[in-house]
Amino acid sequence: MLNDMTKTNNTAIIVAAGSGSRLASETPKQYLKLKGVEILAYSVQSFRSHPEIDEVIIVTSENFLEHVSNQHPECKVVKGGETRQDSVFNGLQACSPDTHVILVHDAARPLIPSRVIDRCLASLETYDGVAPALKPVDSMIQLEDTGFKNLQRDNLRIIQTPQCFHIDILRSAHASGKIDTDEMGLVKQSNAQARLGFIEGAPETMKVTRQIDLDIIEKYLDTVEN
Ligand code: CTP
Ligand code: MG
């Protein structure tokens with residue numbers, strides 16, 4: 001369908017232009033260090049070292065353009081926008097004309113195993129878009145005006161990144177004028193025909209949001225190093 005077979009590149013866009021307001025740290029969370037290495041650098045390294053990724057674009061805020069360009073001279077670095085969706089859009093504008101597949105990843109998720117990237121790319125042979133998903137481990141409820149309702153945990157998923165698409169699908173979603181918090185939502189809203197699928201994510205791809213997330217990931221890194 002929209003898949004242009006003459007293009008071959010797989011481009012990772014790492015969005016790192018947020019301010020991390022929920023963490024309340026002076027430095028945005030993607031520039032904090034875990035075991036001496038910047039959070040952003042972990043995912044940059046995972047994508048750069050993956051044999052099927054051809055290009056890595058980092059989207060950052062104006063204040064950090066110079067810092068990120070210095071840290072990652074091998075990546076394209078572009079300025080972000082007001083919302084995550086605007087930041088992804090700016091990344092899309094910067095990708096190489098050969099780009100065939102886009103993988104949008106949150107810089108706030110430092111740990112992305114290569115097997116998850118493998119699964120995403122393999123699934124794009126069947127789907128227009130795919131994202132890693134996890135089954136919730138806790139009971140889930142939905143609050144209602146009076147009380148709450150229990151949700152069927154088996155039917156729920158936690159959605160992570162990278163969210164991966166054939167580029168034309170993602171470009172048309174961005175051109176649709178719709179707004180969503182992630183690419184799967186945006187593509188679903190803008191294209192009822194899009195074939196969207198989910199692959200199994202990894203628990204360690206958790207997003208750094210609160211201080212305790214930093215502590216948990218650092219502990220996890222201790223266990224995998226030893
Ligand atoms: N992001 C971005 N541009 C924005 C907002 C967010 O590139 N305008 C990025 C963040 O840097 C992060 C990812 O999108 O890597 C996921 O967003 P989130 O975890 O919500 O990060 P922040 O928006 O920075 O945090 P908070 O919502 O707590 O302010
Ligand atoms: Mg946010």
Q: Determine whether a donor-acceptor pair (N or O, by modelled atom type, separation under 3.5 Å) exists between the side chain of Asn70 and the backbone of His67.
A: no

Q: Counting C-beta onward and ignoring hydrogens, is there a side-chain heavy-atom pair between Val88 and Val59 closer than 4.5 Å?
A: no

Q: Indicate if Leu34 and Ile212 have the same hydrophobic cluster label, given that clusters are the connected sets of ILVMFWY residues with side-chain heavy-atom separations under 4.5 angstrom.
A: yes

Q: For Glu74, I'd like to know if atom CD has over 12 heavy atoms of other residues, nucleotides or ligands within 6.0 Å.
A: yes

Q: Determine the minimum heavy-atom distance between Leu156 and Pro136, stating which atoms define it.
A: O-CD, 3.1 Å

Q: Locate the shortest heavy-atom distance separating Ala107 from Leu40; write the atom from each residue and the value.
A: CB-CD1, 3.8 Å

Q: Can you run down the side chain to side chain donor-acceptor pair (under 3.5 Å) pairs that involve residues 41-65, sequence neighbours left out, and say none if there aren't any?
A: Thr11-Glu55, Tyr31-Thr60, His50-Asp118, Glu55-Lys76

Q: Can you establish whether the number of heavy atoms outside Ile141 located under 6.0 Å from its atom CD1 is more than 12?
A: yes

Q: Using side-chain heavy atoms (C-beta onward) and a distance below 4.5 Å, is His100 in contact with Asn10?
A: yes

Q: Leu23 pairs by side-chain contact (heavy atoms from CB on, under 4.5 Å) with which of Leu32, Thr209, Asp213?
A: Leu32

Q: Are the side chains of Arg115 and Arg119 in touch, meaning some heavy atoms are under 4.5 Å apart?
A: yes

Q: Looking at Ala41, is its backbone amide N or carbonyl O close enough to the side chain of Gln71 to form a donor-acceptor pair, meaning the two atoms are under 3.5 Å apart?
A: no

Q: Nearest heavy-atom pair of Glu204 and Pro113: which atoms, and what distance?
A: OE2-CG, 3.5 Å

Q: Go through the structure and list residues passing ring-ring contact (aromatic ring centres under 6.0 Å, His included) with Phe47, not counting sequence neighbours.
A: His105

Q: CD of Gln160 to CE of Met206: how many Å apart, nearest 0.5 Å?
A: 10.0 Å

Q: To the nearest 0.5 angstrom, please state how far the CD1 atom of Ile102 sits from the CD1 atom of Ile167.
A: 4.0 Å

Q: Hey, quick one: are Val104 and Phe198 part of the same hydrophobic cluster, counting side-chain heavy atoms closer than 4.5 Å, chains of contacts allowed?
A: yes

Q: Any pair with a residue in residues 130-151 that passes side chain to side chain donor-acceptor pair (under 3.5 Å), sequence neighbours left out, goes on the list, sorted by first then second residue, please.
A: none

Q: Can you list the residues that meet the side-chain hydrogen bond (donor to acceptor under 3.5 Å, both in side chains) rule with Lys35, with sequence neighbours excluded?
A: Asp222

Q: Show every ring-ring contact (aromatic ring centres under 6.0 Å, His included) that has at least one partner inside residues 69-90, sequence neighbours left out.
A: Phe89-His174

Q: What is the distance from atom CD1 of Ile169 to atom CG of Asp128, rounded to the nearest 0.5 Å?
A: 4.0 Å

Q: For the CD1 atom of Ile216 and the CZ atom of Arg210, what is their distance to the nearest 0.5 Å?
A: 7.0 Å

Q: Search all heavy atoms of Val77 against all heavy atoms of Ser69 and return the closest pair with its distance.
A: CB-OG, 3.7 Å

Q: Going from CG on Leu170 to OG on Ser190, what distance comes out if it is rounded to the nearest 0.5 angstrom?
A: 9.0 Å

Q: What are the two closest heavy atoms between Ala16 and Gln30, and how far apart are they?
A: O-NE2, 2.8 Å

Q: Can you pull the side chain to side chain donor-acceptor pair (under 3.5 Å) pairs that have at least one residue in residues 175-184, sequence neighbours excluded?
A: Arg84-Glu183, Gln163-Asp182, Asp180-Gln189

Q: Is there a path from Phe148 to Met140 through hydrophobic residues (I, L, V, M, F, W, Y) whose side chains come within less than 4.5 Å of each other?
A: no

Q: Indicate if Leu214 and Val37 have the same hydrophobic cluster label, given that clusters are the connected sets of ILVMFWY residues with side-chain heavy-atom separations under 4.5 angstrom.
A: yes

Q: Which pair of heavy atoms, one from Ser123 and one from Val130, lies closest together, and at what distance?
A: CB-CG1, 3.5 Å

Q: Hydrophobic clustering (ILVMFWY, side-chain heavy atoms < 4.5 Å, transitive) - are Ile158 and Met184 grouped together?
A: no

Q: Find out whether Cys164 and Leu121 are in side-chain contact, i.e. whether some heavy atom of one side chain is under 4.5 Å from a heavy atom of the other.
A: no

Q: Check the side chains of Asn90 and Ser87 for a donor-acceptor pair under 3.5 angstrom, ignoring hydrogens and angles.
A: no

Q: Between NE2 of His166 and CG of Leu124, what distance do you get to the nearest 0.5 Å?
A: 4.5 Å

Q: Is there a side-chain contact between Pro132 and Thr205 (heavy atoms, below 4.5 Å)?
A: no

